[in-house]
Number of protein chains: 2
Amino acid sequence: MLEGRWKMVIIFHLFARGVLRFSELEKSIPGVSQKMLIQQLRELERDGVVSRTVYPQVPPRVEYGLTDWGEAMCPALDALLEWAAMRPGRAANDAKSG
Amino acid sequence: MLEGRWKMVIIFHLFARGVLRFSELEKSIPGVSQKMLIQQLRELERDGVVSRTVYPQVPPRVEYGLTDWGEAMCPALDALLEWAAMRPGRAANDAKSG
DNA sequence: CAGAATCCCATTGGATACTG
DNA sequence: CAGTATCCAATGGGATTCTG
């Protein structure tokens, strides 16, 4: 359910910065295409991780944020990041090649 | 780095059951092909999550287990599982259709 | 601005056969 | 038993174009 090239990145941004507009996410995530962004957002919405709010105005304004359940994921995400940071052999070990 | 259809499943089994042989993993994970199993195991090994031990004998015996760092992932994995279990609207909410 | 539709390629993943 | 090699289908993902 969290599979997909950009899902974790999206969640991370929504986690760190709160509610974001489509274009804000687009700017915040270099390399993502509109298609991918909307697609992964839809899937996350469908799975109840993110919520989507449309403001009926022009120009269109759509905001994405984490649902309660999505926010509840943060400790897990945090644990995962801490684990990743613990990865051995990253700097002190690599004196050979410069 | 954890992307891939079977990686989480593999890690979960190694986490729950300790060191496992190739064939044991194969039996434990219905639907996985040898190709996928070996491929994902190699990637996990390359990333330092699992360790691979070869016993030079016939018939060949190869055992896979989590590295120290891989084991350190368990709290994070656990947090993720707890989060998944918290998912709302799974049973009590769905009285309409059955 | 936000999103849909289309086309296209690269990667992933699966079935099968073969080897030491 | 453990792994490799090959072929094939499905999906993932990207560039572009179009719309309200």
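Each chain gets a letter, A, B and so on, in the order its sequence line appears, and its residues count up from 1.
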Any residue in residues 49-59 of chain B with a heavy atom nearer than 4.0 angstrom to DNA chain D? Just list them by number, or reply none. B:R52, B:P59
Just checking A:E63: base, sugar-phosphate only, or nothing, at a heavy-atom cut-off of under 4.0 Å? nothing
What is the minimum heavy-atom distance between B:L66 and B:S51, and which atoms define it? O-OG, 4.2 Å
For a quick test of reading the model: is some side-chain N or O of B:R42 closer than 4.0 Å to OP1 or OP2 of D:dT4? yes
Any side-chain heavy atom of B:I11 within less than 4.5 Å of one from B:L2? yes
Contacting residues from residues 12-27 of chain B, given that a heavy atom lies under 4.0 angstrom of DNA chain D: B:R21, B:F22, B:S23
Taking all atoms of both residues into account, what is the closest heavy-atom pair of B:G4 and A:E3, and its distance? O-OE2, 3.4 Å
Ignoring hydrogens, what is the shortest heavy-atom contact between B:W69 and B:G48? Give both atom names and the distance. CE3-O, 3.5 Å
List in chain and number order the residues that pass ring-ring contact (aromatic ring centres under 6.0 Å, His included) with A:W6, two or more places apart in sequence or in another chain; answer none if no residue qualifies. none
Mind listing the closest non-hydrogen atom pair of B:V32 and B:I29 along with its distance? CG1-O, 3.1 Å
Pair up each side-chain donor or acceptor in residues 56-63 of chain A with any protein partner under 3.5 Å, not counting sequence neighbours, and list the distances.
{"unit_1": "A:R61", "atom_1": "NE", "unit_2": "A:E63", "atom_2": "OE2", "d": "3.3"}
{"unit_1": "A:R61", "atom_1": "NH2", "unit_2": "A:E63", "atom_2": "OE2", "d": "2.9"}
{"unit_1": "A:E63", "atom_1": "OE1", "unit_2": "A:Y55", "atom_2": "OH", "d": "3.2"}

Is any side-chain heavy atom of A:V49 less than 4.5 Å from a side-chain heavy atom of A:K7? no
Linking directly or through intermediates, with side-chain heavy atoms under 4.5 Å: list the remaining ILVMFWY members grouped with B:F12, chain and number order. B:L81
Readout for nucleotides 15-20 of chain C: B = base within 4.0 Å of protein heavy atom, S = sugar-phosphate only, - = neither; 5' to 3' it is B----B
For B:L41 and B:I10 the tightest heavy-atom approach is CD2-CG2, 3.8 Å
Counting just side-chain N and O atoms, does B:Y64 come under 4.0 Å of either OP1 or OP2 of D:dC1? no
